[in-house]
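Inspection log for the structure reproduced underneath, given as structure tokens.
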Amino acid sequence: MNDWTGSLSLDLEDRNGKTVAKRVYFQGAFKVMRPIYADDSGQVCYYLLNPGGGYLDGDRYKMQISADEGSKVTLTTQSATKIYKTPKSHAYQETEINLKKGSYLEYLPDPLIAYQHAHYKQKTVVHMEPGATLLYTDILTPGWSPSGERFSYDSIQLVTEIYWDGRLGVFDHLKLVPQQQKISGLGFMEGYTHLGSMIAISEQMDAALLDELYDAVMTVEADFTFGISDVAIPGFCLRIHANTTQTIERIINQCHAILSEKWNHRTPSSLRKY
Amino acid sequence: MNNQLLSLFQLCDSNFPTGAFSHSFGLESYIQEDKVHNQETMLEWLKAYLHEQLVYSDGLASKLVYEALMNDDLQQIWHLDRLLTVQNLPRETREGTQMIGITMLKLTESIYGFPILTQYRDEIRSKKAFGHPAIVFSMVAHGLAVSKEDTILYYLYSAISSLVQNAVRAIPLGQTAGQMIIHQFIPELNQAVERIKELTIEDFGIVSPGIELSQMKHERVNIRIFMS
């Protein structure tokens, strides 16, 4: 199964206070743009992009990222990930992230938009040494169909595994199959259309920070509901139900700013894309 | 009915003191938001909880643990113990389940004395495992030579009946309404077992986003009668 539609691998290291790629490789329909340094913190930002504009039937993408000690990186996408209809075989993305102690990686992609009759599966595996920091987010939209009907995709499945010091510490499995589930009803989206998640892992996690994040989210004025809780390793998971991508982004940005200041001593710059 | 099965029934009794009566697994958040307020809405919540969460976690684990016991594959059991714990992202629900699991383990070790239960306790004592009621229950049922299918069914029954008892107190509902729910739920339990038979470890841990969110929200519920 090495026939990837697109693959990308990026290995980062710290060189005198500046994070640089010691190896970048990509092929097929997956690309990384040139590195951007928004300030003098040495933190690098990479935009990932899919030159084809979206995932097609049977497409398979693979991404491997590693961050050595002291390296700091923001990864984002250039635009929303679009999954077009997949009549034969689901579209698939596999991501593997390896973080050495003292590294900092934030993955803040644009939302996922699955089109009518799309099947999509994503598997993300993160290996962290204690002392590494991870911020990982996802935004699921109700998708797109020509008639404007919501949740017209066939399935979206996201599996996230985070290994901490060699042992599984977080396992998150979301699978939305609108035709088989009462998707907008009790237990699922509860009348909302969008689902946002943030998982953040760091040894610097403490109870006061969880309260601070909770209070910060509470100040956001919009129609949404959320939950935030400590996971089994040092860190937390935040889940948001809302009706727009923008609301979820505002909440994620709010939390991102707090975490970046506390854990990374840096004020994040805006990820301007359009 | 044979004595083995009767012996397992002791564990299914909602009076079996595992501490499950202190946990609502997010139900209390729904009650406080007035989304669950009578027999009908409770039944709806219970269906979502069973078919969209419990089936993929405890239910599937119960089958996989039973199979691992038949194959003497202890590593698989300890792996499932970790999976069950780390996939439970809401802290109260995770810690509550662990507490119930450990209490159930201590009790059943005294009652049945199966060596596997002692091994499980040793793993937990040496911090290699966490403790989970679905695993303890399956170990006991396997030890009593109850079939795999019945093991899953009775485990689900015990989880659901104790939640209904909690709902009776919290909503509140009349005792008759509570019993009606349990009775109406029998076909749902059988359907869940049929579903679990088709599942593999690839399906493990699928969460119901709304239920999970309500379990996280419970941490911030001010006036509460349940610990989760």
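Chain naming here is simple, since letters A, B, ... match the order of the sequence lines and numbering starts at 1 in each.
In this structure, chain B has a heavy atom under 4.5 Å from the side chain of Q157(A), while its backbone stays farther away. Heavy atoms closer than 4.5 Å to chain B are found in the side chain of L176(A), but not in its backbone. Interface residue L186(A): backbone and side-chain heavy atoms are both found under 4.5 Å from chain B. For a residue to count as touching a neighbouring chain, one of its non-hydrogen atoms must lie under 4.5 Å from one of that chain's; by this rule F236(A) does not touch chain B. If you measure heavy-atom distances from E212(B) to chain A, the contacts under 4.5 Å come from the side chain alone. Residue contact with chain B, scored on non-hydrogen atoms closer than 4.5 Å, is absent for L140(A).
In this structure, the separation between CZ on R91(B) and SG on C237(A) is 14.0 Å, given to the nearest 0.5 Å. Annotation: the span from E52(B) atom CD to Q181(A) atom CD amounts to 5.5 Å, rounded to 0.5 Å. Within the model, atoms OG1 of T225(A) and NZ of K217(B) stand 2.5 Å from one another, a figure rounded to the nearest 0.5 Å.
Residues L89(B) and R239(A) meet the side-chain proximity criterion, which asks for heavy atoms closer than 4.5 Å. Side-chain contact check for V231(A) versus V86(B): every heavy-atom pair is 4.5 Å or farther apart. No side-chain heavy atom of D230(A) sits under 4.5 Å from any side-chain heavy atom of E92(B). When side chains are defined from C-beta on, H173(A) does not count as touching F204(B), because their heavy atoms never get closer than 4.5 Å.
With sequence neighbours excluded, the residues that form a ring pair (Phe, Tyr, Trp, His ring centres under 6.0 Å) with Y66(B) are H142(B). For E202(B), the side chain to side chain contact (heavy atoms under 4.5 Å, CB included) partners at least two apart in sequence or on another chain are K121(A), T200(B).
Atom NZ of K128(B) has 12 or fewer neighbouring heavy atoms from other residues, nucleotides or ligands inside a 6.0 Å radius. Sparse packing is recorded around CD of E221(A), with 12 or fewer heavy atoms of other residues, nucleotides or ligands lying under 6.0 Å away. Atom NZ of K100(A) has 12 or fewer neighbouring heavy atoms from other residues, nucleotides or ligands inside a 6.0 Å radius. Heavy atoms from other residues, nucleotides or ligands lying under 6.0 Å from CE of M70(B) number more than 12. R150(A) CZ: 12 or fewer foreign heavy atoms inside a 6.0 Å radius.
Looking at every heavy atom in both residues, R220(B) comes nearest to Y214(A) through CG-CE1, 3.4 Å.
At a heavy-atom cut-off of under 4.5 Å, chain A is reached by Y30(B), K35(B), E44(B), W45(B), A48(B) from residues 30-51 of chain B, listed in order of number. Proximity to chain A at a heavy-atom threshold of 4.5 Å picks out nothing from residues 155-187 of chain B.
In terms of non-hydrogen atom pairs under 4.5 Å with chain A, the most contact-rich of S214(B), S208(B), P90(B) is S208(B). The greatest number of non-hydrogen atom pairs below 4.5 Å with chain B, out of K182(A), E161(A), K175(A), is found for K175(A). Ranked by non-hydrogen atom pairs under 4.5 Å with chain B, the options I199(A), D172(A), L174(A), I228(A) are led by I228(A).
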Exercise for the section: Any chance you could lay out the side-chain contact (heavy atoms from CB on, under 4.5 Å) test for E190(A) and L213(B), step after step, and finish with the verdict? Expected result: CA-CA 10 Å; E190(A) 316 250 343; L213(B) 205 142; over 6 Å; no

